[in-house]
Visitor: 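Quick one: this structure, given as structure tokens, is what I'll be asking you about.
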There are 2 protein chains.
Amino acid sequence: MTSAEMLMEKGIRPSLTRVMIYEYLLSHRTHPTVDEIYKELSPKAPTLSKTTVYNTVKLLSQAGVIKMLTIEEQQARFDACTDHHGHFLCNGCKKVYDFDVDVPCDTLPQGFTALTKEIFYTGTCKKCSK
Amino acid sequence: MTSAEMLMEKGIRPSLTRVMIYEYLLSHRTHPTVDEIYKELSPKAPTLSKTTVYNTVKLLSQAGVIKMLTIEEQQARFDACTDHHGHFLCNGCKKVYDFDVDVPCDTLPQGFTALTKEIFYTGTCKKCSK
DNA sequence: TAATAAGTTTGTAATGAATACATTATAAAA
DNA sequence: TTTTATAATGTATTCATTACAAACTTATTA
């Protein structure tokens, strides 16, 4: 399935801009910020506005096509992989790594229903601990 | 042990301001923001500055006396309970609840060492789902 | 005690992520 | 075409956070 079709499935009209941003996130699993997305795509799309990037990632997040990450930072990051996995922020190089986690058994109190689940670690990655 | 002694144990000089902020967090498990802490304590301490609140929560967080939470929001929240437990943000009432979790087995790749671990859920709480 | 140093607190100004909003552009429908 | 809806853009604003310097307090030394 093309990325345009994936957007349509979620009721999002696959405009050029939206597909471009979505495909960037699909092909760059670096958990980029809005600013990084904007800077990377600007050369290809000189008229792109940062506001458009904000609008688009908000739209895609709300549709569940991408995932928003908030890890001990002021800047949100985005991830096209919506599977359940953990994120590890290295305090040294500031990179965000993915890692698998045993999803903890749901021990939410009666009557609580979870929509999103996030597992965030911070620490030191392999490279930086040398 | 008094809260002042707890601060001293961590090498923090227990000034009036610091003890006041720490005790506020100990007695109010509502995960308040800097702004909320400031507004609550201002009447008692009219000369208190918001900068001081920022400085103090940073100091206490770095010493591990309190914990900083970042859940899908731009504003950081603070918690005097540093035990391992999960946080649940209700999309309805915007309150943050604590809940117990089975700490997931550490499946971090070789060479990675975790300093902090966070488990954040969002969804609907009991009251709001009625 | 006074003088000095070290640590705390404060307020203002600056930074920068995110949003509001109005305008322009593009696409779909009549 | 004309009209209508949807997308994209840019500017201005909001607001959490930080930088920084000045004022204040506490501890130390002479």
Side-chain angles (χ1 to χ4, degrees), chain A residues 3-4 7-8 10-24 31-63 65-79 89 94 96, chain B residues 3-4 7-8 10-24 31-63 65-79 89 94 96:
Chain A
S3 42
L7 295 184
M8 285 173 76
K10 298 279 185 171
I12 296 171
R13 283 179 55 193
S15 71
L16 266 185
T17 310
R18 288 171 179 172
V19 171
M20 175 181 65
I21 290 172
Y22 183 41
E23 289 191 340
Y24 178 78
H31 316 88
T33 63
V34 162
D35 204 61
E36 284 163 359
I37 298 170
Y38 173 72
K39 287 205 175 110
E40 285 295 315
L41 296 180
S42 270
K44 287 178 213 164
T47 72
L48 182 65
S49 159
K50 208 182 261 189
T51 304
T52 301
V53 181
Y54 273 108
N55 289 341
T56 305
V57 292
K58 192 177 190 179
L59 185 76
L60 299 183
S61 294
Q62 283 169 348
V65 178
I66 65 173
K67 214 171 168 184
M68 193 178 89
L69 312 180
T70 327
I71 321 182
E72 305 231 340
E73 287 190 79
Q74 289 149 250
Q75 253 181 111
R77 293 170 173 276
F78 298 88
D79 190 348
L89 169 69
K94 301 295 175 190
V96 176
Chain B
S3 43
L7 295 185
M8 285 173 75
K10 299 279 183 168
I12 295 171
R13 283 178 57 192
S15 71
L16 267 186
T17 310
R18 288 171 179 172
V19 170
M20 176 181 64
I21 291 173
Y22 183 41
E23 289 191 341
Y24 179 79
H31 316 87
T33 62
V34 162
D35 202 62
E36 284 163 359
I37 298 170
Y38 173 72
K39 287 205 175 110
E40 284 295 314
L41 296 180
S42 271
K44 287 178 212 161
T47 71
L48 181 66
S49 158
K50 206 181 266 189
T51 304
T52 302
V53 181
Y54 272 107
N55 289 341
T56 305
V57 292
K58 191 176 189 179
L59 186 75
L60 298 183
S61 295
Q62 283 169 349
V65 178
I66 66 173
K67 212 172 168 183
M68 192 177 90
L69 312 180
T70 326
I71 322 182
E72 304 231 340
E73 287 191 80
Q74 290 149 250
Q75 253 181 110
R77 293 170 173 275
F78 298 88
D79 190 349
L89 169 69
K94 300 294 174 191
V96 176

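Numbered from 1 within each chain, the chains take letters A, B, ... in sequence-line order.
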Visitor: Name the nucleic acid region contacted by Thr47(B), choosing base, sugar-phosphate or nothing; use a 4.0 angstrom heavy-atom cut-off, strictly under.
Guide: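 The answer is sugar-phosphate, as Thr47(B) gets under 4.0 Å only of primed atoms, P, OP1 or OP2.
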
Visitor: Could you check Gln74(B) against Ala45(B) and say which one's nearest nucleotide on DNA chain C is further toward the 5' end?
Guide: Ala45(B)

Visitor: Treating Arg77(A) as the side-chain partner and His31(A) as the backbone partner, does any N or O pair qualify as donor plus acceptor under 3.5 Å?
Guide: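 Looks like yes, one N/O pair under 3.5 Å.
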
Visitor: From the 5' end of DNA chain C to its 3' end, which nucleotides mark the outer limits of contact with chain A, defined by a 4.0 Å heavy-atom distance cut-off (strictly under)?
Guide: dA17(C) to dA28(C)

Visitor: So which atom in Lys10(A) and which in Ala63(A) form the shortest heavy-atom distance, rounded to 0.1 Å?
Guide: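 That would be CD-O, 3.6 Å.
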
Visitor: Going by number, which of residues 51-62 of chain A have a non-hydrogen atom under 4.0 Å from DNA chain D?
Guide: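 When residues 51-62 of chain A is checked for heavy atoms under 4.0 Å from DNA chain D, the hits, listed by number, are Thr51(A), Thr52(A), Asn55(A).
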
Visitor: What is the minimum heavy-atom distance between Lys50(A) and Tyr38(A), and which atoms define it?
Guide: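 Where Lys50(A) meets Tyr38(A) most closely, the heavy atoms are N-CE1, 3.6 Å.
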
Visitor: When the nearest nucleotide of DNA chain D is assigned to Arg13(B) and to Lys50(B) on a heavy-atom basis, which residue is associated with the more 5' position?
Guide: Lys50(B)

Visitor: Identify the two heavy atoms, one from Met68(B) and one from Ala76(B), that lie closest to each other, and give their separation to 0.1 Å.
Guide: CG-CB, 3.9 Å

Visitor: Could you walk me through whether Leu60(B) and Leu7(B) pass the side-chain contact (heavy atoms from CB on, under 4.5 Å) test, one step at a time?
Guide: CA-CA 8 Å; Leu60(B) 298 183; Leu7(B) 295 185; 3.7 Å; yes

Visitor: What are the 5'-most and 3'-most nucleotides of DNA chain D lying under 4.0 Å from any heavy atom of chain B?
Guide: dA16(D) to dA27(D)

Visitor: Give a yes or no on whether the backbone of Thr56(A) and the side-chain of Arg18(A) come within a donor-acceptor separation of less than 3.5 Å.
Guide: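 Answer holds: no.
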
Visitor: What pair of heavy atoms forms the shortest contact from Thr70(B) to Glu73(A), and how long is it?
Guide: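 Thr70(B) and Glu73(A) have their closest heavy atoms at CG2-O, 3.9 Å.
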
Visitor: Measure across Pro32(A) and Glu36(A) and return the closest heavy-atom pair with its distance rounded to 0.1 Å.
Guide: CA-OE1, 3.0 Å

Visitor: Which pair of heavy atoms, one from Leu89(A) and one from Val96(A), lies closest together, and at what distance?
Guide: CD1-CG2, 3.9 Å

Visitor: Which of these passes side-chain contact (heavy atoms from CB on, under 4.5 Å) with Thr17(A): Leu48(A), Val53(A), Asn55(A)?
Guide: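 When Leu48(A), Val53(A), Asn55(A) are each tested with Thr17(A), the side-chain contact (heavy atoms from CB on, under 4.5 Å) holds only for Leu48(A).
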
